[in-house]
> 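Mind having a look at this structure? Questions to follow.
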Amino acid sequence: MADADTRAKWDRIAPHFDFMAGRGAEARWKPFKQQLFSHMEGRILFLALGTGLDIATFPPGRDITAIDISPRMLEQARPRIEAYPGTIRTECIDVHAMPFAPDHFDQIYTSCTFCSVPRPVEGLRALHRVLKPGGGLFMFEHTGSRYYPFRYMLNAMTLLTERAGPAMNRRTVDNVRAAGFKILEVNNIFLDVVKTVTAFKAPV
Ligand SMILES: C[S@@+](CC[C@H](N)C(=O)[O-])C[C@H]1O[C@@H](n2cnc3c(N)ncnc32)[C@H](O)[C@@H]1O
């Protein structure tokens with residue numbers, strides 16, 4: 001799928017995204033996201049801010065560069081960005097074409113993104129390029145499962161969900177490794193499907 005198509009897909013979803021994400025799920029994942037994002041420090045990139053649902057789980061007072069491919073998602077995020085007690089600068093950019101200098105960020109965060117980025121290993125390689133050596137990648141993601149019957153269920157669901165939104169069967173931990181990161185920790189939150197992944201770029 002061309003990137004213009006990805007952008008159009010998420011622009012279409014933007015007005016309905018908060019409803020689709022569901023209050024229950026957001027409340028359930030909130031403590032895990034808070035814990036993950038509590039490490040934010042230094043020059044921070046947040047990939048795929050979406051409608052800004054994650055902002056409520058950011059620690060206050062940080063200076064964050066947040067990107068997303070969809071201008072309409074970022075438009076929806078505006079009130080949450082304005083309410084954040086710190087600085088969030090947004091740019092509408094495709095992760096595959098980020099203009100940042102190599103080794104620019106101390107840390108990169110993202111949430112429920114690598115189910116959606118069309119070429120995940122390439123997208124992760126792009127993150128690796130802009131992260132400082134020794135810098136951390138902190139992800140909250142849902143992925144495919146290794147176990148029966150979930151693996152088959154998530155593969156089947158992806159046939160339906162991928163056209164309109166995310167894929168449900170991504171092998172994100174393998175993809176992080178394939179992009180050159182070193183995995184520090186994978187913390188399964190729900191089965192082996194919802195998880196946090198902490199990785200880093202090897203120091204030179
Ligand atoms: C499932 S939503 C998650 C949004 C937000 N992180 C959250 O959890 O509420 C996926 C997001 O990824 C963004 N996205 C998809 N492909 C992208 C790309 N290639 N570059 C940057 N953002 C992308 C979409 O626009 C969308 O906002």
Side-chain angles (χ1 to χ4, degrees), residues 1-34 36-37 40 44-58 64-81 84 88-100 105 108-130 137-144 154 157-158 160-170 172 175 179 189-190 193-197:
M1 177 182 276
D3 293 332
D5 293 343
T6 302
R7 176 179 163 148
K9 173 165 93 171
W10 289 99
D11 276 352
R12 268 194 307 276
I13 293 170
H16 319 289
F17 184 80
D18 288 1
F19 176 74
M20 283 163 52
R23 278 170 195 263
E26 277 307 307
R28 201 171 326 135
W29 310 138
K30 190 173 179 179
F32 301 101
K33 290 185 179 182
Q34 261 168 340
L36 187 73
F37 299 151
M40 284 184 175
I44 299 159
L45 174 67
F46 193 93
L47 166 63
L49 187 68
T51 62
L53 285 173
D54 295 318
I55 293 173
T57 62
F58 291 176
I64 299 167
T65 300
I67 67 169
D68 199 289
I69 199 171
S70 158
R72 291 197 71 193
M73 293 294 266
L74 290 178
E75 246 170 66
Q76 300 280 326
R78 189 52 46 199
R80 292 179 173 126
I81 293 168
Y84 174 64
I88 301 178
R89 263 167 285 96
T90 59
E91 293 190 48
C92 191
I93 307 177
D94 184 341
V95 68
H96 301 105
M98 290 183 295
F100 307 117
F105 292 100
I108 300 176
Y109 289 82
T110 196
S111 157
C112 300
T113 300
F114 282 92
C115 53
S116 308
V117 166
R119 303 187 301 280
V121 177
E122 275 181 48
L124 283 155
R125 278 201 192 109
L127 293 183
H128 191 271
R129 183 186 72 81
V130 300
L137 170 67
F138 300 81
M139 313 169 79
F140 179 95
E141 291 287 346
H142 63 87
T143 66
L154 292 165
M157 281 166 75
T158 298
L160 297 173
T161 59
E162 202 169 21
R163 282 167 189 244
M168 308 304 288
N169 62 352
R170 289 279 171 88
T172 299
N175 292 342
I189 295 167
F190 177 71
V193 174
V194 179
K195 61 188 61 150
T196 57
V197 181

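One-based numbering, in listed order, for ligands and for the atoms of each.
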> Does ligand 1 have any atom that is closer than 4.0 Å to a heavy atom of D3?
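No heavy atom of D3 comes that close to ligand 1.
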
> Return the residue, atom name and 0.1 Å-rounded distance of the protein heavy atom closest to atom 23 (C) of ligand 1.
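Closest protein heavy atom to atom 23 (C) of ligand 1: I69 CG2, 3.5 Å.
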
> Return yes or no for this condition: an N or O of D94 is under 3.5 Å from an N or O of ligand 1.
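Such a contact does occur with ligand 1.
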
> Kindly confirm or rule out an N or O of W10 lying under 3.5 angstrom from an N or O of ligand 1.
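No, W10 has no N/O under 3.5 Å of an N/O on ligand 1.
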
> Under the salt bridge (Lys or Arg N to Asp or Glu O under 4.0 Å) rule, what pairs show up with a residue in residues 11-24, not counting sequence neighbours?
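Residue pairs passing salt bridge (Lys or Arg N to Asp or Glu O under 4.0 Å), neighbours aside: D18-R80.
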
> Taking atom types as modelled, find out whether R170 and T143 have a side-chain donor-acceptor pair closer than 3.5 angstrom.
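No, no side-chain donor-acceptor contact under 3.5 Å.
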
> Mind checking what makes ring-ring contact (aromatic ring centres under 6.0 Å, His included) contact with F37, not counting sequence neighbours?
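For F37, the residues satisfying ring-ring contact (aromatic ring centres under 6.0 Å, His included) (neighbours in sequence not counted) are F46, F58, Y109.
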
> Any ion pair linking R119 and D3 (charged N to carboxylate O, less than 4.0 Å)?
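Salt bridge flag = yes for R119 with D3.
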
> Can F17 be said to touch ligand 1, with heavy atoms closer than 4.0 Å?
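Contact check F17 vs ligand 1: positive.
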
> Just to check, does A21 reach to within less than 4.0 Å of ligand 1 when the distance is taken from its heavy atoms?
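No heavy atom of A21 comes that close to ligand 1.
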
> Please identify which atoms of ligand 1 are closer than 4.0 Å to at least one heavy atom of M73.
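Those atoms are 26 (C), 27 (O).
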
> Are any of the N/O atoms in P118 less than 3.5 Å from those in ligand 1?
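Between P118 and ligand 1 (N or O atoms, distance only) the closest approach is not under 3.5 Å.
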
> Quick one: which of P166, A48, C112, C115 has a heavy atom closest to atom 5 (C) of ligand 1?
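Selected option, by shortest heavy-atom distance: A48.
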
> Could you find the nearest protein heavy atom to atom 8 (O) of ligand 1 and give me its residue, atom name and distance?
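Ranking protein heavy atoms by distance from atom 8 (O) of ligand 1, first comes S111 OG, 3.3 Å.
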
> Within ligand 1, which atoms have a heavy atom of G50 less than 4.0 Å away?
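So the answer, numbered in order with elements, is 4 (C), 27 (O).
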
> Under a heavy-atom criterion of less than 4.0 Å, does D54 contact ligand 1?
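Checking ligand 1 against D54, which is what was asked, there is a heavy-atom contact under 4.0 Å.
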
> Measuring from D54:CG to T113:OG1, what's the distance to the nearest 0.5 Å?
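That separation rounds to 8.0 Å.
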
> Would a 4.5 Å heavy-atom cut-off, applied to side chains only, mark E91 and F100 as touching?
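Sidechains of F100 and E91: in contact.
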
> Report yes if some N/O of D68 lies less than 3.5 Å from some N/O of ligand 1; otherwise report no.
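Yes, there is a polar N/O contact under 3.5 Å.
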
